[in-house]
Amino acid sequence: MTPRRVKLHELYREIEALGGGSFSAEDEAYNRAILDACAILRASGFGEGFYIDQREYENRVRISHGARLEAAE
């Protein structure tokens with residue numbers, strides 16, 4: 001089987017799509033593992049079909065911090 005390439009920002013959706021209905025104890029354990037993996041990805045900036053890389057995150061923090069400083073003046 002040829003590996004399918006997934007863009008980094010699509011990884012969250014790919015993993016989230018692995019979950020499904022729980023019909024047995026094994027299904028429940030599997031779905032908990034999928035939810036845990038999604039939680040780890042969300043903590044790293046992934047989630048709901050979007051991803052913010054470190055540079056973009058730093059830019060947003062800098063811009064919002066600058067806006068707060070201007071508002072305080």
Side-chain angles (χ1 to χ4, degrees):
M1 177 194 306
T2 304
R4 187 172 66 88
R5 298 182 70 98
V6 176
K7 292 181 181 178
L8 189 58
H9 67 275
E10 296 173 349
L11 182 61
Y12 181 89
R13 265 184 300 200
E14 293 290 323
I15 291 175
E16 186 179 43
L18 295 173
S22 296
F23 303 107
S24 68
E26 285 182 16
D27 290 344
E28 289 180 26
Y30 178 81
N31 285 325
R32 277 194 306 274
I34 295 297
L35 293 175
D36 289 346
C38 287
I40 291 167
L41 290 172
R42 279 191 303 275
S44 299
F46 291 86
E48 306 302 322
F50 67 89
Y51 172 70
I52 300 173
D53 66 12
Q54 186 65 31
R55 180 180 291 170
E56 178 67 19
Y57 176 78
E58 291 168 356
N59 285 339
R60 289 181 183 190
V61 168
R62 186 170 20 88
I63 290 168
S64 67
H65 182 67
R68 277 185 265 151
L69 290 176
E70 288 177 7
E73 294 176 350

- Please name the pair of heavy atoms, one in L41 and one in I15, separated by the smallest distance, quoted to 0.1 Å.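 What the structure gives for the nearest pair is CD1-CD1, 3.6 Å.
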
- Message: According to side-chain contact (heavy atoms from CB on, under 4.5 Å), who are the partners of I40, at least two apart in sequence or on a separate chain?
- Response: none

- Item | side-chain contact (heavy atoms from CB on, under 4.5 Å) partners of D27, counting only residues at least two apart |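 Expected list: S22, F23, S24.
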
- Could you tell me whether the side chain of R62 reaches within less than 4.5 Å of the side chain of N59, counting heavy atoms only? yes

